[in-house]
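First up is the structure itself, then whatever we jot down about it.
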Amino acid sequence: MTAQPTTVSGDQLTRDALAVLQPGFTGTEAPEWLLRQIRDGLTSVGLFGRNITSPGQLSALTAQLRAEREDILVAIDEEGGDVTRLEVVDGSSVPGNHALGAVDDPELTRAVAHELARRLADCGVHLNWAPSADVNSDPDNPVIGVRSFGSDPDLVARHTAAYVEGMQSAGVAACTKHFPGHGDTAVDSHHALPTIGVGADVLAARDLTPFRAAIAAGSKAVMSAHILVPALDPDQPATLSRRILTGLLREELGYEGLIVTDGMEMQAISATYGIERGSVLAVAAGADAICVGGGLADEQTVIKLRDTLVAAVRSGELAEERLADAAARVRALAAWTTATPRATGERTPDIGLVAARRALEITRTEEYRALTGTPHVVSFAPVANIAVGDETPWGVAAELAARLPGTTSASYTEQDGAELAARVLAEAGERRLVAVVRDEHRHPWMARALDGLLAARPDTVVVEMGIPQSAPRGSLHVATHGASRVCGQAAAEAVTT
C-alpha cells in the first residue's frame, strides 16, 4: 500500500522539506514513488552499489531521474579504493586515499580524482560523497583506516585539497568528510556513537587542518560526522551540534557551501535520537541535506522525514527560515552541477594502475625468489565495515591466477579456529604460499596464523592490503596501502618479477 502524504503537495514548506532530503532506493531503475517525490520537490538522490551494474545502466538510470527534474542532484559514495559503488562488482580501478598519501604526489592525487570524476560525470553523477579528510591518528580505527590519506595532518591537508580540485575541475562536486574529523576513533559510528576525547588545541592543529584546506580549495560540500567531541560540544554529536556546524564550520572557518549529514540511519544517531528527531536537530544545527538511504530506502522513510520537518516548523521547533535556507543551498548546488562544464580532452584510464604501482612498499630478504609455477594464495579476511561492504572482491588471487595459470586460493576468517596455520599448510602441500592480510595489526588471529606459516615456510610471500602498521615479514613483504583491484594487480606484478 502506497503511503499517503499528510501535507499539501506543492506547498512551499513541503517542497523545502523534500529538498533537504538525500534518500536512497533499491533497484537499478528509479521506482515510481521516487519519480513522484521528485515531481513534488525532492532535489537529491543518493546512489549505492545496489543501484549499479554497469556504466551504461547507470547512465540510463540518471537520465530517467533527469527526465523528471533536469537539475536533480545525483550523489554517490565513490571514494575509489576500498569504498567503491561505481565498480562494486569488480573492484575499483583507482587506489584509495591511503595509497595516494603513501606516494605523496599531490599532482597524482589531483589526476586520479579528476579521472574518477570524469567517469562519474559521464554516467550523470555530479555529487560525490568524497574525499575523506580524516587524519587517521588512531591506527586501530575500525572504519577509516585506508580511507584516510594518512596520519600526518599536513599530508592529509594537501591531498584533500588536491582531490577536491581534481574532482571539481571535472564538474563533479566534492563532499569533504567527516567533519570535524573521524580519524581518532576506535568505534564505528555505523554501530555506536564514538567519542573523541582530545582538547580543542589538538583538534585545531590535527583534525581541522585538512578541512581548512578543503574549504580553501572550494569544496562544494562538507559531510558531518556522527561523533561526540566534548571539547567542542559536550552534549550533542557533531551532526546535531549548532556549536560545531554553525559556530565552528560556518562562522569560525567561514564555510559557505552545502553541509550534508552522514547517513542518519547509522546507529550513532538512529539508536540514540531516532532518524526523525535527529533530522530536525541536524537541520536546526546547520545541516542543509539529510543523507538517508544506505539502509532505509523506501517512500515511507521519505514521507516520514518530510512530514516531521514540516511539523517541526509549524510547531516552532525548527525555524522556517532555517529550513528555507537549507533547501536553497541544496538547489544552488544542483544548479551549479547543471551550469558547470564537464571535462574535455584526453582521458587517462590507466592512471589508477600507475598510482597503485607507485604506492607499493616492498621489503625483500636475501632468501626471496620470485614466484613461479602455481602458488597457493591464502587470504585472511576481516569482517568488512559497512562503509566498505563485503560485496566487492579484493586480494591478489585472481590477478596471480591470470599471470600464473593454475594458481589456487582459499579464504579464511577468524571463525576458522586456532589451528588455522596447520590447516593452511596441509591444504597448500608443496605449493609456494602467498599470504594476504588486511590490517594485521588490528587482528591477533591473523598475526597468529602468519606466525605459524612463516615458522614452517619462511619463503612465504606476505601482501598487506590494509594499514601497514605491523613490521614487514616474509621473504617478500608487499604493502599496497589499500585493497582495490588495481592494488591487487600491482602487487601481483611485484611478486612475479
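Just so you know, these numbers come straight off a predicted model, no measurement behind them.
With rounding to the nearest 0.5 Å, the separation of CD in Gln489 from CG in Leu353 is 4.5 Å. Distance check: Asn136 CG to Ile144 CD1 gives 7.0 Å after rounding to the nearest 0.5 Å. Here the CG-CG distance, from Leu21 to Leu42, works out to 6.5 Å after rounding to the nearest 0.5 Å. Distance check: Tyr163 OH to Glu79 CD gives 7.0 Å after rounding to the nearest 0.5 Å. Within the model, atoms CG of Asn128 and SG of Cys175 stand 8.5 Å from one another, a figure rounded to the nearest 0.5 Å. One finds the CZ atom of Arg39 at 10.0 Å from the CG atom of Leu34 (value rounded to the nearest 0.5 Å).
Residues Glu251 and Thr246 meet the side-chain proximity criterion, which asks for heavy atoms closer than 4.5 Å. The side-chain heavy atoms of Val396 and Val377, taken from C-beta on, include a pair separated by under 4.5 Å. Residues Pro194 and His182 meet the side-chain proximity criterion, which asks for heavy atoms closer than 4.5 Å. Side chains of Thr84 and Ser484 form no contact here, defined as non-hydrogen atoms less than 4.5 Å apart. Side-chain contact between Val260 and Ile290: absent, with no pair of heavy atoms (C-beta onward) separated by less than 4.5 Å. At a threshold of 4.5 Å between non-hydrogen side-chain atoms, the residues Ile227 and Thr195 do not count as touching. With contacts defined as side-chain heavy-atom distances shorter than 4.5 Å, the pair Val94/Arg485 does not qualify. Looking only at side-chain heavy atoms (C-beta outward), His481 and Glu464 stay at 4.5 Å or farther from each other.
Using the six-membered ring where Trp is involved, Phe179 and Phe211 have ring planes that are perpendicular, over 60° apart on the 30 and 60° scheme.
Looking at residues two or more places apart in sequence or on another chain, you find no side-chain hydrogen bond (donor to acceptor under 3.5 Å, both in side chains) involving Asp350. Shown here are the side chain to side chain contact (heavy atoms under 4.5 Å, CB included) partners of Ala492, two or more places apart in sequence or in another chain: Glu399, Leu400, Arg403. Residues that satisfy the side chain to side chain contact (heavy atoms under 4.5 Å, CB included) test with Asp207, not counting sequence neighbours, are Leu203. In this structure Ser241 satisfies the side-chain hydrogen bond (donor to acceptor under 3.5 Å, both in side chains) test together with Asp233, sequence neighbours excluded. Gln64 meets the side chain to side chain contact (heavy atoms under 4.5 Å, CB included) test with Glu29, Ala30, Leu35, Leu61; sequence neighbours excluded. Contacts of Ser270 classified as side chain to side chain contact (heavy atoms under 4.5 Å, CB included), with partners at least two apart in sequence or in another chain: Gln267, Ile275.
Shown here is Arg250, whose CZ atom has more than 12 heavy atoms of other residues, nucleotides or ligands within 6.0 Å. Applying the 6.0 Å contact sphere to CD of Glu32 captures more than 12 heavy atoms from other residues, nucleotides or ligands. Annotation for Glu493: atom CD counts as buried by contact number, over 12 foreign heavy atoms lying within 6.0 Å. Atom CZ of Arg242 has 12 or fewer heavy atoms from other residues, nucleotides or ligands within 6.0 Å.
Not a single donor-acceptor pair under 3.5 Å links the side chain of Arg118 to the backbone N or O of Ala113. At least one donor-acceptor pair under 3.5 Å links the side chain of Thr308 to the backbone N or O of Lys304.
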_Audit row: His178, Asp134, side chain to side chain donor-acceptor pair (under 3.5 Å) steps and yes/no_ = CA-CA 6 Å; His178 305 81; Asp134 305 298; 2.7 Å; yes
*Step by step, work out the side-chain contact (heavy atoms from CB on, under 4.5 Å) result for Thr261 and Gln22.*
CA-CA 9 Å; Thr261 72; Gln22 288 190 348; over 6 Å; no
*Please walk me through it: do Lys177 and Asp262 pass side-chain contact (heavy atoms from CB on, under 4.5 Å)?*
CA-CA 9 Å; Lys177 61 188 183 185; Asp262 207 345; over 6 Å; no
_If you apply the rule side-chain contact (heavy atoms from CB on, under 4.5 Å), what do you find for Val330 with Ser44, and how did you get there?_
CA-CA 8 Å; Val330 174; Ser44 302; 3.5 Å; yes
*Please walk me through it: do Ser132 and Ser148 pass side chain to side chain donor-acceptor pair (under 3.5 Å)?*
CA-CA 6 Å; Ser132 168; Ser148 167; 5.7 Å; no
*For side chain to side chain donor-acceptor pair (under 3.5 Å), just list the numbers for Thr28 and Asn51, CA-CA rounded to whole Å, side-chain angles, deciding distance to a tenth of an Å, and then say yes or no.*
CA-CA 5 Å; Thr28 55; Asn51 304 120; over 6 Å; no
*Please walk me through it: do Asp16 and Gln12 pass side-chain contact (heavy atoms from CB on, under 4.5 Å)?*
CA-CA 6 Å; Asp16 285 350; Gln12 187 60 46; 2.8 Å; yes
*Should Ser411 and Ser379 be marked as a side chain to side chain donor-acceptor pair (under 3.5 Å) after you check the CA-CA gap, both sets of side-chain angles, and the distance that decides it?*
CA-CA 5 Å; Ser411 182; Ser379 299; 5.2 Å; no
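Salt bridge Arg277/Glu317: present, at least one basic N to carboxylate O contact under 4.0 Å. In summary, Arg36 and Glu68 do not engage in a salt bridge, as defined by a charged side-chain N under 4.0 Å from a carboxylate O. A salt bridge between Asp325 and Arg322 is present, with a side-chain N of the basic residue lying under 4.0 Å from a carboxylate O of the acidic one.
Between Thr109 and the choices Glu165, His114, His159, Arg158, the side-chain hydrogen bond (donor to acceptor under 3.5 Å, both in side chains) rule is met once, by His159. Results of the salt bridge (charged side-chain N to carboxylate O under 4.0 Å, His left out) test with Asp77 over Arg85, Arg147, Arg50 single out Arg85 as the only residue that passes.
Here the shortest heavy-atom pairing between Ala19 and Arg331 reads CB-NH2, 3.7 Å.
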